[in-house]
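Report on one structure; see the data block that follows.
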Amino acid sequence: MLSTVMTGWLRCVSLSAALLLAALSSAVAQEPAPDRLAHNKLFVETFVNRCLSAVHADTAYDTTGMNEVHEFLAGHWLDGKPGSVWTPNPAMHILLIIRDGAGCFVVSEFGDANALEPVVAARIAEAHPSFVREQFQRAEDGGFGSKYLDESCGGNRSCRVVVNARAASEEGKLAMLAAAMRFTPPAQ
C-alpha cells in the first residue's frame, strides 16, 4: 500500500522498519514499542505542525527541539536530493523527512491505524479547514489510505496530503506514513 500511493516521489518508502530502528538505535537503547496513544499523538503533531503547516503556508520547516539524523539513513531517505531528516524523539521511531522543494513526509515504525484514522481527519480539518478528503480506501489488512486536497494553497498552487497506515505493525515494514506537498495542477 505505501509504495503504490505515491510511486516515484516516495519510492524510498520500501525501506524496512528494521533500517529505521537500526539508525535510531544508535541514539537510544532499544526499547519496547511506545505507548500507542503517545506515539500516534507525536506522529500526528509532527506531521500537522512541522510538515503540513510549512508546506501549506510555503514557510520554513520548524525543527526546533528535534534531533537531526545523519549518515546512512538520511542519505537513503533523501536519495541524493537536498533536504534533511529529523526525529522528534528517537525512542518513538518517527522520522520527519524534508525534501527541499518537494515537500515532506513523516514515517513511523509503529502505529495503530484504528486510533490514527479519526485523529488525522480531525487534526487536518482543525489546522487546515481548506483541505477536502478526496479519497479514502480501507486496505486489505484493515489499515487505510487517505488523500486530501486543497486546490488553492497560495498562488496557482495546490496542496496534497497522503496518509497511509497498516492495521498492525509488521516486522520489516513501516506502519504509518503521512506526506504533504505543493504542486502546480495541470492546465485543463
Side-chain angles (χ1 to χ4, degrees), residues 1-15 20 40 42-64 66 68-69 73-88 94-108 111 113 116-139 143-166 173-188:
M1 172 175 71
L2 292 174
S3 62
T4 61
V5 174
M6 299 177 67
T7 304
W9 190 74
L10 293 177
R11 69 188 157 109
C12 62
V13 167
S14 62
L15 173 71
L20 175 62
N40 278 2
L42 183 61
F43 178 86
V44 170
E45 293 303 315
T46 300
F47 178 67
V48 171
N49 296 334
R50 298 188 187 249
C51 180
L52 177 57
S53 292
V55 169
H56 193 260
D58 199 20
T59 59
Y61 294 93
D62 177 12
T63 56
T64 306
M66 297 181 84
E68 189 167 10
V69 175
L73 184 64
H76 180 83
W77 282 105
L78 296 173
D79 195 29
K81 294 171 181 60
S84 55
V85 179
W86 302 83
T87 180
I94 294 172
L95 294 176
L96 166 65
I97 296 101
I98 299 168
R99 296 184 84 188
D100 295 348
C104 61
F105 51 108
V106 177
V107 296
S108 174
L116 183 67
E117 184 182 329
V119 173
V120 165
R123 285 292 288 129
I124 289 174
E126 173 189 315
H128 302 283
S130 55
F131 274 95
V132 173
R133 186 165 79 177
E134 62 178 348
Q135 183 180 19
F136 179 86
Q137 278 184 279
R138 180 72 53 207
F144 69 91
S146 191
K147 291 183 184 179
Y148 298 81
L149 178 68
D150 179 351
E151 292 182 337
S152 179
C153 63
N156 294 327
R157 309 285 310 261
S158 294
C159 287
R160 176 165 319 280
V161 168
V162 175
V163 180
N164 292 322
R166 295 182 188 281
K173 296 184 180 181
L174 295 173
M176 300 188 305
L177 171 137
M181 68 212 75
R182 290 173 72 89
F183 64 98
T184 303
Q188 295 186 8

Do the side chains of [Y] and [X] get nearer than 4.5 Å, heavy atoms only?
X      : Y      : result
Trp77  : Phe105 : yes
Glu45  : Arg123 : yes
Val132 : Tyr148 : no
Ile97  : Val106 : no

What's the spacing between [X] [atom1] and [Y] [atom2] if we round to 0.5 Å?
X      : Y      : atom1 : atom2 : answer
Thr63  : Ile98  : OG1   : CD1   : 6.0 Å
Ser108 : Arg166 : OG    : CZ    : 11.5 Å
Ser146 : Leu116 : OG    : CG    : 10.0 Å
Thr87  : Met66  : OG1   : CE    : 6.5 Å
Ile124 : Arg133 : CD1   : CZ    : 9.5 Å
Leu52  : Phe131 : CG    : CZ    : 5.0 Å

Item to check | The single option from Leu177, Asn164, Ile94, Val85 passing side-chain contact (heavy atoms from CB on, under 4.5 Å) against Val107 | outcome: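 The side-chain contact (heavy atoms from CB on, under 4.5 Å) with Val107 is passed solely by Leu177 among Leu177, Asn164, Ile94, Val85.
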Next on the checklist: Would you say the ring centers of Trp86 and Tyr61 fall short of 6.0 Å from each other?
Outcome noted: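 Trp86 vs Tyr61: aromatic centres not under 6.0 Å.
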Next on the checklist: Taking side chain to side chain donor-acceptor pair (under 3.5 Å) as the definition, give me every residue that meets it alongside Ser53, ordered by chain and number, with sequence neighbours left out.
Outcome noted: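 Here the qualifying residues are His128.
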Item to check | Which residues share a side chain to side chain donor-acceptor pair (under 3.5 Å) with Arg50, sequence neighbours left out | outcome: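 Arg50 satisfies side chain to side chain donor-acceptor pair (under 3.5 Å) with no other residue.
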Item to check | Arg182 (side chain) donor-acceptor with Cys159 (main chain) under 3.5 angstrom | outcome: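 Not confirmed, Arg182 side chain does not pair with Cys159 backbone.
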Next on the checklist: Between Arg157 and Ser152 (side chain of the first, backbone of the second, donor and acceptor by atom type, cut-off under 3.5 Å), is there such a pair?
Outcome noted: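 The answer is no, because no donor-acceptor pair under 3.5 Å joins these two groups.
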Checklist entry - For Phe144 and Val163, what are the C-alpha separation, side-chain angles and deciding distance, and is it a side chain to side chain contact (heavy atoms under 4.5 Å, CB included)? => result CA-CA 8 Å; Phe144 69 91; Val163 180; 3.9 Å; yes
Looking at every non-hydrogen atom in both residues, tell me the closest pair between [X] and [Y] and how far apart they are.
X      : Y      : value
Arg99  : Leu78  : NH2-O, 3.4 Å
Ala179 : Met181 : CB-CE, 4.3 Å
Asn40  : Gly111 : OD1-CA, 4.2 Å
Ala165 : Ala113 : CB-CB, 3.8 Å
His56  : Asp150 : NE2-OD2, 2.7 Å
Val55  : Ala180 : CG2-O, 3.9 Å

Next on the checklist: Can you tell me if Glu151 has over 12 outside heavy atoms packed within less than 6.0 Å of its CD?
Outcome noted: no
